[in-house]
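Report on the structure given below.
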Amino acid sequence: MKRLAKWRLVSLFAILALALSGCSGKPYLSALRPAGEVADIQFDLMKLSTYIMVGVIVVVMVIFVIVFFRFRRKKGDNGIPKQVEGNHLLEILWTVIPILLLLILAVPTVAATFKLADVKEMDKKNSDALVINVRSHLYWWDFEYPGQKIVTSQDLVVPTNEKVYFNLKSMDVKHSFWIPAVGGKLDTNTDNINKFWLVFDQKRANEAGNLFYGKCAELCGPSHALMDFKVKAMNRDDFDTWVKDMQAVKEPEKATSDLASQGQEIFNKSCIGCHAVTPQNKMPDTARVAPNLTNFGERSRIAGILDHNKEELKNWIKNPETYKPGNEMSGKYPEMTDQQLDALAEYLMGLKVQD
Ligand code: HEC
Ligand SMILES: [Cu+2]
């Protein structure tokens with residue numbers, strides 16, 4: 001019997017350890033390791049409300065314990081104790097204290113809400129603020145840089161230590177744009193544009209390996225949990241270079257080897273109807289039906305989730321349904337032989353804009 005109780009305790013601690021390890025605060029993924037001005041503000045609000053809640057619990061528990069022991073029935077107590085009803089001082093106290101606590105919570109929260117929604121700068125004429133149009137799709141992300149006239153998908157590229165402004169919109173159902181370490185989450189809706197800004201801190205980006213993880217935070221379908229994107233944060237100079245390299249691609253890049261040009265041929269026959277390989281957006285939003293692959297060779301993941309290598313790429317093209325159930329690519333192109341898959345992988349991995 002005793003042994004059983006001991007094991008119960010051990011397994012309880014094991015489960016607890018497992019649960020708490022989820023809070024370890026990975027720098028690329030955790031809201032508890034804020035990596036920018038917005039994340040800092042949000043984290044401070046979380047701390048403030050946690051402190052207040054813990055304070056209330058502690059005070060209530062202390063009073064509870066005192067009352068529990070002091071007013072127990074003791075030997076010699078007979079009958080019903082004196083009945084007290086209505087105490088002005090107490091009633092005023094327990095009305096005023098919660099009001100004060102709510103005010104302490106509300107004032108910084110409302111102030112932060114307005115600050116985080118302040119996008120005057122992006123709406124100004126001739127403003128030189130960096131604006132990115134985020135378009136969410138079942139189950140992938142499109143990023144358009146209207147000022148730079150380029151489009152990329154799945155990997156969001158941003159400069160660090162400056163305000164980056166976002167226009168958020170969804171092309172199918174509601175999704176939500178969230179970069180846990182940096183800020184959000186804000187819904188992407190179908191019939192209005194939500195706007196906000198974020199700052200990506202350079203030092204924290206270094207700690208995170210210059211790659212933050214982004215998530216869809218609104219249940220949107222069977223592959224919702226797989227609707228990931230990544231954020232490449234780099235200093236302004238590197239960002240400008242990346243933009244120039246993207247802009248320099250005016251037409252589909254020529255494959256460099258025999259195998260790759262075979263792949264390009266297959267791609268031009270079966271895939272290019274959905275996937276663009278030039279970064280200029282010549283289509284209306286609604287016509288963009290698949291990730292832009294101009295810089296696919298430089299992605300950090302395939303489809304946001306798989307390791308970026310030829311094997312996984314072939315697996316993906318062979319059967320995307322296994323990896324992302326309900327995705328919009330499955331079954332919409334002819335089946336490929338192993339040889340064709342090799343060629344496609346060779347071609348796609350070669351799609352790079354930077355050297
Ligand atoms: C009907 C349109 C359509 C066709 C045709 C199509 N795809 Fe896709 N493809 C998609 C969509 C949509 C996604 C995004 C899937 C997701 O992540 O949910 C995608 C994703 C991908 C990805 C991952 C992209 C990234 O940025 O990580 C690759 C690679 C890819 N497709 C290759 C191909 C190849 C190769 C072909 C031709 C054999 C092809 N696709 C044909 C619609 C299409
Ligand atoms: Cu989603």
Side-chain angles (χ1 to χ4, degrees), residues 134-143 151-157 168-178 184-190 214-230 232 252 255 260 262-277 279 283 287-352:
V134 175
R135 299 293 176 259
S136 58
H137 306 251
L138 292 162
Y139 302 98
W140 59 280
W141 299 85
D142 218 14
F143 306 108
V151 178
T152 189
S153 305
Q154 305 288 34
D155 282 0
L156 170 65
V157 181
L168 307 178
K169 192 162 194 277
S170 171
M171 302 320 295
D172 35 48
V173 301
K174 256 184 204 216
H175 303 276
S176 181
F177 181 74
W178 190 30
K185 44 199 147 170
L186 196 61
D187 277 6
T188 65
N189 295 333
T190 48
K215 292 257 160 205
C216 174
E218 176 80 52
L219 187 58
C220 56
S223 285
H224 159 67
L226 305 168
M227 191 169 158
D228 292 2
F229 61 99
K230 303 287 175 285
K232 286 183 177 152
Q262 273 176 36
Q264 186 165 23
E265 230 167 81
I266 303 166
F267 187 87
N268 288 344
K269 229 163 70 197
S270 305
C271 324
I272 209 159
C274 293
H275 290 285
V277 281
M283 294 186 251
R288 269 191 267 153
V289 292
N292 186 304
L293 299 180
T294 305
N295 53 350
F296 177 77
E298 286 153 356
R299 290 261 208 283
S300 55
R301 293 285 190 286
I302 295 165
I305 47 169
L306 300 173
D307 282 345
H308 192 258
N309 59 48
K310 280 187 188 154
E311 270 325 294
E312 292 286 35
L313 178 55
K314 287 191 278 183
N315 289 340
W316 168 260
I317 302 169
K318 204 168 179 176
N319 195 355
E321 201 61 17
T322 353
Y323 302 99
K324 274 190 169 176
N327 76 76
E328 300 288 330
M329 164 160 157
S330 296
K332 295 185 180 154
Y333 52 95
E335 215 168 289
M336 298 287 153
T337 65
D338 284 346
Q339 204 278 328
Q340 287 173 314
L341 287 173
D342 282 335
L344 277 172
E346 182 73 18
Y347 168 60
L348 290 174
M349 282 299 186
L351 292 177
K352 294 182 178 169

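Counting begins at 1 with the first residue of the sequence. Both counts, for ligands and for their atoms, begin at 1 and track the order of listing. Being a predicted model, the structure only gives us computed values, none of them experimental.
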(request) Please identify which atoms of ligand 1 are closer than 4.0 Å to at least one heavy atom of L348. (result) 35 (C)
(message) Less than 4.0 Å is my threshold; does some heavy atom of S153 fall inside it relative to ligand 1?
(response) no
(request) Could you check atom 26 (O) of ligand 1 against the protein and tell me its nearest heavy-atom contact, residue, atom and distance included? (result) R299 NE, 2.7 Å
(message) List ligand 1 atoms under 4.0 Å from M336, heavy atoms only on the residue side.
(response) 38 (C)
(request) Working to the nearest 0.5 Å, report the span between CD1 of I302 and NZ of K314. (result) 11.0 Å
(message) Strictly under 2.8 Å of the Cu ion (ligand 2): which protein N/O/S atoms qualify?
(response) H175 ND1, C216 SG, C220 SG
(message) Restricting to under 2.8 Å, identify the protein N, O or S atoms around atom 8 (Fe) of ligand 1 as residue plus atom.
(response) H275 NE2, M329 SD
(message) Only heavy atoms of N327, strictly under 4.0 Å: list the atoms of ligand 1 that pass.
(response) 18 (O)
(message) Tell me whether E265 at atom CD has more than 12 heavy atoms from other residues, nucleotides or ligands lying less than 6.0 Å away.
(response) no
(request) Would you indicate whether the side-chain heavy atoms of H137 and E328 approach each other to under 4.5 Å? (result) no
(request) Classify the side-chain pair N315/E312 by whether it contains a donor and acceptor separated by less than 3.5 Å. (result) yes
(request) Would you please name every residue forming a side chain to side chain contact (heavy atoms under 4.5 Å, CB included) with K169, sequence neighbours left out? (result) R135, I193
(request) Taking only heavy atoms of I302 into account, list the atoms of ligand 1 that are under 4.0 Å away from them. (result) 27 (O)
(request) Provide, to 0.1 Å, the distance between atom 28 (C) of ligand 1 and the closest protein heavy atom, together with that atom's residue and name. (result) W316 NE1, 3.5 Å
(request) Taking side chain to side chain donor-acceptor pair (under 3.5 Å) as the test, write out the residues that go with E298, two or more places apart. (result) none
(message) Between E346 and Q262, is there a side-chain donor-acceptor contact under 3.5 Å, judged purely by atom types and distance?
(response) no
(message) Under a 4.0 angstrom heavy-atom cut-off, which atoms of ligand 1 come close to V289?
(response) 12 (C)
(request) Any atoms of ligand 1 less than 4.0 Å from a non-hydrogen atom of L313? List them with their elements. (result) 29 (C)
(message) Please give me the minimum heavy-atom distance between P325 and Y139, naming the atom from each residue.
(response) O-CE1, 3.8 Å
(request) Would you give the length of the straight line joining atom CZ of F143 to atom CG of L156, rounded to the nearest 0.5 angstrom? (result) 4.5 Å
(message) Going by side chain to side chain contact (heavy atoms under 4.5 Å, CB included), F296 matches just one of K352, Q154, H308. Which one?
(response) H308
(request) Go through ligand 1 atom by atom and flag the ones less than 4.0 Å from a non-hydrogen atom of K332. (result) 1 (C), 5 (C)
(message) Assess whether a salt bridge exists between R288 and D142, defined as any Lys/Arg side-chain N lying under 4.0 Å from an Asp/Glu carboxylate O.
(response) yes
(message) Using a 4.0 Å cutoff against the non-hydrogen atoms of K324, which atoms of ligand 1 qualify?
(response) 16 (C), 17 (O), 18 (O)
(request) Taking all non-hydrogen atoms of both residues into account, name the closest pair between Y347 and A255 and its distance. (result) CD1-CB, 4.2 Å
(request) Considering only non-hydrogen protein atoms, determine which one is nearest to atom 24 (C) of ligand 1 and report residue, atom name and distance to 0.1 Å. (result) L293 CD2, 3.7 Å
(message) Quick check on K269: does its NZ atom have over 12 non-hydrogen neighbours (other residues, nucleotides or ligands) under 6.0 Å away?
(response) no
(request) Identify the heavy atoms of L168 and D187 that sit nearest to each other, and give their distance. (result) CD1-O, 4.1 Å
(request) Write out the residue and atom name of the closest protein heavy atom to atom 27 (O) of ligand 1, then the distance separating them to 0.1 Å. (result) A303 N, 2.6 Å
(message) Using side-chain heavy atoms (C-beta onward) and a distance below 4.5 Å, is D155 in contact with N295?
(response) no
(message) To check you understand the geometry: which heavy-atom pair defines the closest contact between W141 and S176, and what is its length?
(response) CH2-O, 3.5 Å
